[in-house]
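Only one structure is covered here, and it is reproduced in the block below.
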Amino acid sequence: MEEEAKAKWGYDEKAPKLKSVIDKINITDPLEKYAYMFSSEMGWHYRNLDGKPNVELQNAIKSVFASGGAKALLSFTEQIDNADLLGWESGYIDFAQEDIIAILKYGDTNNEKIISFESAFFTSVVNFRGKEYLDNIYDTSWSDGYKKILLCSIRKGRDYWNWLNEKGLADLYWKNVQSIYISSDEDYEFAMQKLRQTDNYVPMFHLIITQKYGSHGDKIKTDDIIFVLKGALEKQDVIRDVISSNHLPDLFKLLQDRVEIDVEWDVLFQLELAYFPLFDDYCGLQPIAIEHRLRTDPEFFLEIIQAIFTKKEDLINKTKEEKQQAENAAHLALKLYMKMDKMYPFQDEENLNNWMNRADILIGRISDDNIRRCAKQKIGSMLSANTLVDKDDDVWPVKYVRNIIEKFYDKDLREGFVIGKFNSLGVRTVDTKNPEKYWIDKAAKYKKDADKIRFSYPYTAQILDSMAEDYRREAERAKIEF
């Protein structure tokens, strides 16, 4: 009966396959059995959110270590995804001192997983047993590179920093540590001083941001902010880290709030130029020192215009470095030129009058027609960015801007004003049932304003007439397109 059943179900053929499946389920090799617990997908599901050791992970690690000691644990590290997690959890296990030393011995390698494991393990061991345990496990024979990896993995603690100093390792640490955690204002001052002495800009940057968001902004020294921003410019790897940070505007906001208190306008101006790409439309921050320079110095305005029109023949006898500087200046000038469309830097009527009188003299000395024309157009565009409506006659632009237009009017200023205002309108929601209404309303308003001031401000009225005509054409186009 039994033999018949076996034959009926193909026992002899299927049994070996079933045994193979069961053997795979009942894995006995701990290196295979527990690997999934330290995978990218599963690893952090086991980790306790409060940072305390996880019993299941601990038992898995003990089983791996029992199968072959330090070598088995390091072999296991190479087979898993989450070496950091393995290192952290391993450091909390009550290994014997000689076992910890044996484990750390294998980390002096180029294997990224092993390095990741060892740095997490070392930090966890020291945090678990206390800084006084360092003398028991530190090995002077470690290579400088390995010392840097392990020692810089511990990021806080005055007692730890003192230990480093006693061992002659402080300089190596402060030059290479990438982030620092502080628990007091005294630690902040101490860490900033050490980092500054070793020109280590990135952790200084992050410490400043931490202080700001920790409501300790008053402890942040202006000199430290300037030191970090200037120093980062000299190191390409550092500047990428700093610029990519969403917190960079916070540093500039701190400086801008302190201008004329303990930040000089010129210092802030140079930094805003160096980091000018930061000040885009999404940053929420304006380059106030650049705007300050624009409204106080017409020469700077014309430097921007002239840099854009740098001719190749002017660079023939220049060195490679000088040519690169000219190219960089032209690139920056073009960005500034484009941003000026949205700038009205002038503070009041007196500031505007003085600036225009000086600018007109300087423009008159320019022999290049293209530069002269471009300068007048950009002035027109900047004037159009003044949004004030005059309180006496309810006409835009305000009277003192009209006075400037009347005094310095020419076709280039007019063209710049009209285009600048049009470009400032930006993106709009279109009423598909009456798409031309937006433009018709604007055209009617500018025509009405032009009629009000036609005899008192004839040139300004011409500009408003031109804008009204342009918007009537936009209304016709909108009607056809929709």
Side-chain angles (χ1 to χ4, degrees), residues 31 38 43 51 53 57 61 64-65 68-181 191 194-195 197-204 206-207 235 237-238 241:
L31 272 67
F38 297 91
L57 294 178
I61 295 168
V64 170
F65 188 81
K71 284 187 177 180
L73 189 57
L74 272 295
S75 177
F76 184 65
T77 301
E78 295 185 84
Q79 298 179 40
I80 62 172
D81 300 325
N82 205 330
D84 279 338
L85 176 59
L86 178 63
W88 277 107
E89 290 289 340
S90 297
Y92 286 115
I93 293 176
D94 193 18
F95 285 124
Q97 181 176 308
E98 58 267 24
D99 292 332
I100 294 174
I101 293 172
I103 292 170
L104 290 172
K105 183 178 70 173
Y106 289 96
D108 207 344
T109 174
N110 292 324
N111 186 304
E112 291 186 6
K113 282 189 178 180
I114 299 298
I115 291 171
S116 180
F117 164 81
E118 294 285 17
S119 60
F121 177 69
F122 181 76
T123 303
S124 184
V125 166
V126 175
N127 287 342
F128 179 49
R129 289 165 175 77
K131 304 298 188 298
E132 61 276 3
Y133 198 72
L134 281 163
D135 284 324
N136 299 331
I137 59 174
Y138 172 66
D139 188 344
T140 56
S141 68
W142 290 340
S143 69
D144 287 344
Y146 191 41
K147 288 177 185 177
K148 180 175 71 174
I149 290 168
L150 293 188
L151 297 176
C152 291
S153 66
I154 300 177
R155 300 168 184 176
K156 67 177 180 178
R158 183 68 71 90
D159 52 348
Y160 177 61
W161 298 336
N162 290 338
W163 178 86
L164 290 169
N165 192 54
E166 292 170 6
K167 298 295 181 182
L169 299 167
D171 195 51
L172 179 144
Y173 178 83
W174 293 110
K175 278 183 178 179
N176 296 287
V177 68
Q178 290 300 297
S179 61
I180 294 286
Y181 302 145
K194 293 295 184 182
L195 293 168
Q197 288 171 355
T198 54
D199 293 339
N200 196 349
Y201 304 110
V202 171
M204 285 187 73
H206 293 304
L207 266 183
K235 297 186 177 182
D237 56 332
V238 175
D241 193 337

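Throughout, residue positions are numbered sequentially from 1 according to the sequence presented. Values below: every heavy atom of this structure, side chains too, minus hydrogens, waters and symmetry copies.
Aromatic ring centroids of Phe38 and Phe117 lie 6.0 Å or more apart.
Between the side chain of Arg129 and the backbone N or O of Gly91, at least one donor-acceptor pair lies under 3.5 Å. Checking side-chain atoms of Lys113 against main-chain N and O of Ile80 turns up a donor-acceptor pair under 3.5 Å. The closest donor-acceptor contact from the side chain of Ser116 to the backbone of Glu112 lies at 3.5 Å or more, if one exists at all. With hydrogens and angles disregarded, no donor-acceptor distance shorter than 3.5 Å links the side chain of Asp139 to the backbone of Lys105. In this structure a side-chain-to-backbone donor-acceptor pair under 3.5 Å is missing from Ser90 to Phe121. In terms of modelled atom types and a separation under 3.5 Å, the side chain of Ser124 and the main chain of Ala120 share no donor-acceptor contact. Here the side chain of Thr123 pairs a donor or acceptor atom with the backbone of Ser119 at under 3.5 angstrom.
Annotation: the span from Thr77 atom OG1 to Asn111 atom CG amounts to 8.5 Å, rounded to 0.5 Å. Atom NZ of Lys148 and atom CG of Leu150 lie 12.0 Å apart (nearest 0.5 Å). Here the CG-CG distance, from Leu104 to Leu74, works out to 9.5 Å after rounding to the nearest 0.5 Å. Atom CD of Gln97 and atom CG of Asn136 lie 4.0 Å apart (nearest 0.5 Å). Distance CZ/Arg158 to CG/Asn165: 11.0 Å, rounded to 0.5 Å. To the nearest 0.5 Å, the span separating CG on Leu73 from CD1 on Ile114 amounts to 8.5 Å.
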As a quick check of understanding, evaluate side chain to side chain contact (heavy atoms under 4.5 Å, CB included) for Tyr133 and Ile100, giving each step before the final call. CA-CA 11 Å; Tyr133 198 72; Ile100 294 174; 3.6 Å; yes
Could you please spell out the steps behind the side chain to side chain contact (heavy atoms under 4.5 Å, CB included) verdict for Asn127 and Trp88? CA-CA 10 Å; Asn127 287 342; Trp88 277 107; 4.1 Å; yes
Derivation and outcome, side chain to side chain contact (heavy atoms under 4.5 Å, CB included), residues Ile180 and Trp161: CA-CA 11 Å; Ile180 294 286; Trp161 298 336; 3.9 Å; yes
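Shortest non-hydrogen contact noted between Glu89 and Pro53 is OE1-CA, 3.6 Å. Val64 and Ala72 make their closest contact through O-CB, 3.5 Å (heavy atoms, listed as atom of the first residue, atom of the second, distance). When all heavy atoms of Leu195 and Pro203 are compared, the closest pair comes out as CD2-CG, 3.7 Å. Taking every heavy atom of both residues into account, Tyr160 and Tyr173 meet most closely at CE2-CE1, 3.8 Å.
Partners of Lys175 by side-chain contact (heavy atoms from CB on, under 4.5 Å), not counting sequence neighbours, listed by chain and number: Asp171, Thr198.
A side chain to side chain donor-acceptor pair (under 3.5 Å) with Lys167 holds for exactly one of Thr140, Asp135, Asn162; it is Asp135.
In Asn110, the CG atom is not crowded: 12 or fewer heavy atoms of neighbouring residues, nucleotides or ligands sit closer than 6.0 Å.
By the 4.5 Å heavy-atom criterion applied to side chains, Ser179 and Arg155 are counted as neighbours. Counting only heavy atoms from C-beta outward, the side chains of Trp142 and Ile149 never approach each other to under 4.5 Å. At least one side-chain heavy atom of Ile103 sits under 4.5 Å from a side-chain heavy atom of Glu118.
Between Phe95 and Phe65, the ring-plane angle classifies as tilted under the 30° and 60° cut-offs.
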